[in-house]
Amino acid sequence: MSEFQTRVLELVSIVPRGKVTTYKELAWAAGRPRAYRAMANALAKNPCPIKIPCHRVVRSDGKIGGYKLGMRQKVKLLVAEGIEIKGGKVDLARYLFRY
DNA sequence: CCTGGGGCAGCCG
DNA sequence: ACGGCTGCCCCAG
């Protein structure tokens, strides 16, 4: 597992319940501003399920984005944490976690 | 609203 | 080691 990957996982895991982060922000925090795509790819292959809450990562326009286990599950998890989703989007102004 | 092109770590042959 | 392909994307047009 690379430095990059562990860094990303680490960052995702510190996002508190009820908050979300975006792929872009995450890439920034990981020190690779433009590697968002590669980063998303890393999230997809990881043991996301129980270990890392990668469902707290949404797209920078507020849309949910993809999820290895299906975005149905992703939405459920988010809602369960008290995040309201309207029009298939989350209100970043309210739920975005700033590093 | 949709579209295309950019960008980059990982994985595989 | 080397090149090509692939994605839980982003943004300008």
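Residue numbers begin at 1 in each chain, while the letters A, B, ... track the order of the sequences. This one's a predicted model, so the numbers in the text were calculated from it and none came from an experiment.
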### Task
Kindly express the pairing pattern of DNA chain B in dot-bracket notation, using | wherever a base pairs with another strand and counting only Watson-Crick or G-U pairs under 3.5 Å.
.|||||.||||||
### Task
With sequence neighbours excluded, give me every salt bridge (charged side-chain N to carboxylate O under 4.0 Å, His left out) pair touching residues 53-64 of chain A.
A/Arg56-A/Glu81, A/Arg59-A/Asp61, A/Asp61-A/Lys63
#### Entry: Passing candidate, side-chain contact (heavy atoms from CB on, under 4.5 Å) with A/Ile52, options A/Val8, A/Val12, A/Leu11
A/Val12
### Message
Whole angstroms only, please: what is the CZ-C1' distance between A/Arg59 and C/dC11?
### Response
11 Å
### A/Arg72 CZ to C/dC8 C1', straight-line distance once rounded to whole Å
17 Å
### Query
So which pairs with a foot in residues 10-21 of chain A pass side chain to side chain donor-acceptor pair (under 3.5 Å), sequence neighbours left out?
A/Arg7-A/Glu10
### Summary
Tightest non-hydrogen contact, residues A/Leu43 and A/Cys54, listed as CD2-CB, 4.2 Å
## Note on the structure
Sorted by number, residues from residues 15-36 of chain A placing a heavy atom under 4.0 Å from DNA chain B are A/Arg32, A/Arg34, A/Ala35, A/Tyr36
### Query
With sequence neighbours left out, which residue pairs that include part of residues 88-99 of chain A fulfil the side chain to side chain donor-acceptor pair (under 3.5 Å) condition?
A/Glu84-A/Arg94
### Task
Specify the separation, in whole Å, of atom CD of A/Gln5 and atom C1' of B/dA9.
8 Å
### Query
What's the CD1-P distance between A/Ile52 and C/dC8, to the nearest Å?
16 Å
### Query
Tell me, which pairs form a ring-ring contact (aromatic ring centres under 6.0 Å, His included) where one or both residues lie in residues 3-28 of chain A, sequence neighbours left out?
none
### Message
Measure CE/A/Met39 against P/B/dG6 and give the value in whole Å, please.
### Response
21 Å
